[in-house]
Amino acid sequence: MEVELQILQLPVDYRELVVHVGMDPTAKAIFLEQCGKNWGYGDADIRGFHPECGVCLPDGPEVIASGVSMRAVSRSAVVEGVEVAFSRDAGRYVCDYTYYLSLHHGNGCAALVHVPPLSPSLPASLLGKALQVIIQQMLEETEKTRSQCLVHRKLSLCDSRRGEPTGGLLL
């Protein structure tokens, strides 16, 4: 067997959205996870590791929510033959653990998509199409959020009577 290894350097920007995709063997739909939790990690991974005291970050917040409205994305991401659902509980295993850390280090700019296993009713081609639609909707939702933040930032930094900066930068 011949193996070809290709090394690619990808540009990284911590302000951009990081999308994690994990497989849930019991899922019958694609679940968009709104938040990651810091506690409850008692099960060991395949190498026997489990977080000390069952937490991701000892002094971290209990829950961190994604800056992307997964509820809005789950409503707008429509793919024939695929159910897309909203979730606030990603379980306490490797997916939620890495999601929580990504949300923490990325200031909420992360998403976790739990997918069911491939099957005759969900072949790889359909799952790929669904993920493409979902991620596109996430990016659109992220842009909406960014625009709202910029408008809010402009309003909060301006004197409302004259539109002049009151401090900081006017974006």
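How far CZ of Arg88 is from CZ of Phe31: 15.0 Å, rounded to the nearest 0.5 Å. Taking CG of Leu17 as the reference point, atom CD of Glu143 lies at 10.5 Å (rounded to 0.5 Å). For the atom pair Met70 CE and Cys35 SG, the distance stands at 10.0 Å (nearest 0.5 Å). Gln132 contributes atom CD, which lies 11.5 Å from atom CD of Gln137 (distance to the nearest 0.5 angstrom). Considering CD1 of Ile134 and CG of Leu32, their distance stands at 5.0 Å, rounded to 0.5 Å. Interatomic distance, SG of Cys95 versus NE2 of His20, reported as 9.5 Å (0.5 Å rounding).
For the side chain to side chain contact (heavy atoms under 4.5 Å, CB included) with Leu103, the lone residue among Leu112, Thr98, Val18, Ile64 that qualifies is Ile64.
Under the rule for a salt bridge (Lys or Arg N to Asp or Glu O under 4.0 Å), the partners of Asp89 that lie at least two apart in sequence or sit in another chain are Arg92.
Inter-residue side-chain proximity for Ile30 and His114 is flagged as unmet; no heavy-atom pair is nearer than 4.5 Å. Taking the side chain as every heavy atom from C-beta outward, Pro117 and Met23 approach each other to under 4.5 Å. Inter-residue side-chain proximity for Asn38 and Leu57 is flagged as met; some heavy-atom pair is nearer than 4.5 Å. With a 4.5 Å cut-off on side-chain heavy atoms, Pro116 and Leu122 count as touching.
No path of Ile, Leu, Val, Met, Phe, Trp and Tyr side chains, each step under 4.5 Å between heavy atoms, connects Leu101 with Val55, placing them in separate hydrophobic clusters. A continuous path of hydrophobic side-chain contacts links Leu131 to Leu118 [ILVMFWY only; heavy atoms under 4.5 Å]. In the hydrophobic cluster analysis, where Ile, Leu, Val, Met, Phe, Trp and Tyr join through side-chain heavy atoms closer than 4.5 angstrom, Val63 is grouped apart from Val94. Note: the hydrophobic cluster containing Val21 does not contain Tyr93 (ILVMFWY, side chain heavy atoms under 4.5 Å, direct or indirect links).
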Would Val113 and Met138 count as a side-chain contact (heavy atoms from CB on, under 4.5 Å) if you check the C-alpha gap in whole Å, the side-chain angles of each, and the deciding distance to 0.1 Å? CA-CA 11 Å; Val113 180; Met138 286 178 179; 3.6 Å; yes
Stepwise, does the side-chain contact (heavy atoms from CB on, under 4.5 Å) test hold for Val82 with Leu127? CA-CA 8 Å; Val82 180; Leu127 177 58; over 6 Å; no
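Shortest non-hydrogen contact noted between Cys56 and Tyr100 is CB-CD2, 3.5 Å.
Looking only at distances, a side-chain donor or acceptor of Ser66 sits under 3.5 Å from a matching main-chain atom of Ala110.
Side chains of Ser87 and Glu33: a donor on one and an acceptor on the other come within 3.5 Å. Residues Ser69 and Glu141 bring no donor and acceptor atom of their side chains to less than 3.5 Å of each other.
The list of ring-ring contact (aromatic ring centres under 6.0 Å, His included) pairs with a residue in residues 39-82, not counting sequence neighbours, reads Tyr41-Tyr97.
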